[in-house]
Structure formats: C-alpha cells, structure tokens
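The structure appears right after this line, and notes come after that.
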Amino acid sequence: MIVLKFGGTSVADAQRLKNVADIIRRQQKKKKKVVAVLSALSGVTDSLLRMCYLASLRDNTYLELFAQVHNRHLDTIHTLNLKEDSKLDSFVKEAFAELQNMLHGVYLLREQSPRTLDFVSAFGELLSTRILYAYFQLLQIPSSFWDGRALIQTDEHFGAARVDFRATNKNLRHAFDKLKGVGLMTGFIASTAQNETTTLGRGGSDYTAAIVGAALDAEEIQIWTDVDGVMTADPRKVKKAFSIPSMTYEEAMELSHFGAKVIHPPTIQPAMAKGIPLYIKNSFHPEHPGTRISKKQTDKTHLIKGISSIDDVSLLTVKGSGMVGVAGTSARLFNAIYGAGVNVILITQGSSEHSISFAVKPSDTKAARQRIESAFELEMQVKLIEPVQVEEGLSVIAVIGENMRHTPGVSGRLFQALGKTGSTW
Ligand code: ASP
Ligand code: MG
C-alpha cells in the first residue's frame, strides 16, 4: 500500500481537489491500496485560529472571517457539483454550527485555551477531507472517510499532542483491514483517550501521513506539495536553485532544520525508523519526479545536496582563561540556558577550550545572557570568565551533503566563494 499526503495549496479549491482525485486515481492504477491524507484548504487553519483570537478580544470582525471561510467551502462544494449531496450538506451545516457556537463561547468568556484552539482548528481538515470524500462518491470511486480523531490517539498536550503509538497503530491496522477502495483521511487532527480533539502541531499533516505509513508498512509515502521536491536552496534567494533527485533521511533532516520548509521535520522519524522511502512531489507538476528520501545514498554525483540558512540569529560567546581544562564548564553553561527554555541552534568550541560560541533566536538572547551571568557569577567577579559577548543580526548557513565527508577541498571552495562575495564570517 502507499500513503499520499496533499498539503493546503494542493487542495486549495475545487479545481485543485479535482486534480488530487486524478493523482490518487493514477496511483491506484499502479498499486492496489491507497490512503490519502489531506490538509485543510490553504490558509483555512490560519483563518480559524484568527477567528478565535478576534472573538477572544470581542472583536466582531471574527464574524466576517467566519462568513468568508464558510463561503469558500460552499463555493467549493458548488463547483464540484455536490450541492445535491444531502449527507454532505448536513455534515457541513453541523460543522459550521458547532464552530459558530464555540466561537461565541470564546467571545463570551474572552479567552481561548489551547484545548479550544485545537477544537476550532480541526474543522479545516474535517471539511476538506469530507468534501473530497463526497466528490469520490459522485465519481463512484469506492472510498472511506477516515476521521483522524477516531484513529490517532494522543495525550492531552493540546496544540502539539504526543501520539500513543500502541493505540494508534492498532486503530489504523483495524481500519485498513476493513478498507475497500481509497482511505481519505484528515491530516493534523487526533484525539485523547477521552475523545477530546487534539492536534499534532502546525504543519502536522505530514506527520499524520508518516504515522499512517509506518503503522501500515507502506511501500512509500508521497508528500504532494507545490514545489518540485526539495530544492538545493531557497528559490526566492537563489535563482539557480534546482530540485535534488535523491537524498538520505539525515540530509533531509538537516535541510529542514536549517529552513527548507518542504518537509515538517518530525515526519521523517517514523518513516526512517521503518525505512519507508518518502517522495516529495509537486501537485502542480505531477510528471516531475520530485525528490526521493531514503536510507541509502544512491546519488554519488552531487557532493552537496543543499544550502539552507536561518536568517536572523544571535551569537553568544563565553570565554576566559578560567575555562581552559576545567571539566564541566559547558555542562553548566548549557544547563543554565536550558533552564530558561532556550533552544540552541548551533554550538562551536575552540580546541583550546578558551571559548564557546552558540547561536540562539533573537528573542532568546536576553534570557540566555542573564542565565549565564548568574551561573558564572563568581568566575566573572574575578575575571576568570569575561562578560558574555553578544553579536546580533547574523545568519547561519548550512551546506549539507553526506558525500562531502570523504572528499577533500569542499570547505576550501566554500570559503573561497564566501571570500569572493566579501562576506565576513
Ligand atoms: N492545516 C494544518 C496547518 O496548517 C496542518 C497542515 O497543513 O499540515 O498547520
Ligand atoms: Mg496547512
């Protein structure tokens, strides 16, 4: 079996949904069983969260946004010729009535909890997937509607719930055994053991696809998006960027960590654990082979798989003679900032141990600096350690590729290129 996942831009309107149906059917001709995981129509999750926020401020414009989202779904239903489908009609009516009630509650209480936000944002995926299911019925393609809340079980960490894989895998296998035709499943949403709606975090539909693929031992997982696979660099910044035919899971993780938005990083893990290849494909350009992500390095021609960057970071440097040869300094340092919930993007230490530099988000700079200053207060008083040095407005550039490992001269070329542009580093 294979799992296909379609992101928001791939299901943005009636035309795009028709295109999705074509892609699924083409895949079905090749393989026997398909489960397709869908995102909300593009931008709908953002709008739902925004409505909630506006309602909590008693800003009545939430009603306008509600009407816009409602109309957009009705238009899609209309254009797909699904107006006569009375079951779809009652599903949609009920969904918007529930949503409206919940928003009114938020309006009255003037507050939005993570639990409420999950409940509200779930409507995006429920609607997109239910509409495609109705369209499949119209086309008389056998299919089932899979509500992720009945299949993926999580804890109560609303907003980014953690999956109970034992219960989830069991549910998915059971549903799959009974499946006739295509499984059409909502991405992103799940529920607790008490049936309260949760979500897997923003961008979580990719993760749903990986969970399903791993549970059902899929032959492959295809992530359908709006670019031709994983690009060598951000095409908005680099004109000559092109899509990379294949890469390893590790390379894909590095690239997505440093900013390539093509794939949601947690997605890779369940696929990697089972060795299931991931394909990144373009639903606007289905003939393009896209990128294959798998265990083995099959591509020996590209030394470098990609260049990506994080645009705005702060670099903090802690140095002093009191650090040389003293065990435990870095443990104390990182423990101190860990306590402030600061995430470290990159670390370097000179081999003399005289200094440690690390990069954090600009918003974490102040907290990190304060924590370090209090952790090393005594050493700083007697100048064994110097005051924390902060450099702001820097970027991290990552050059990624496992083939570099055994090839001399790559970093020489890299720094030469940087030198030519007059960059300082
Ligand atoms: N619709 C959700 C979001 O935008 C999940 C997804 O699209 O992956 O975060
Ligand atoms: Mg989305």
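Just so you know, ligand 1 is whichever comes first in the structure, and atom 1 is the first atom listed for that ligand.
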Does the N or O separation between Phe188 and ligand 1 drop below 3.5 Å for any pair?
-> no
Check ion pair Arg149-Asp147 (N to O, under 4.0 angstrom) = yes
Do ligand 1 and Arg202 have nitrogen or oxygen atoms that lie under 3.5 Å from each other?
-> yes
Closest non-hydrogen contact found for Ala367 with Val342 is CB-CG2, 4.4 Å
Is Glu125 in polar range of ligand 1, meaning some N or O pair under 3.5 Å apart?
-> yes
Are any of the heavy atoms in Gly203 under 4.0 Å away from ligand 1?
-> yes
With sequence neighbours left out, write down each residue that passes side-chain hydrogen bond (donor to acceptor under 3.5 Å, both in side chains) with Thr365, or none if nothing qualifies.
-> Ser314
Min over Ser128, Ser205, Gly124 of heavy-atom distance to atom 6 (C) of ligand 1 lands on Ser205
Heavy-atom closest pair (Phe66 atom, Phe96 atom, distance to 0.1 Å) is CZ-O, 3.5 Å
Looking only at non-hydrogen atoms, find the nearest pair between Thr76 and Ala14 and report the distance.
-> CG2-N, 3.7 Å
Per-atom contacts of ligand 1 with Ser39, taking only distances under 4.0 Å to non-hydrogen atoms | 6 (C), 7 (O), 8 (O)
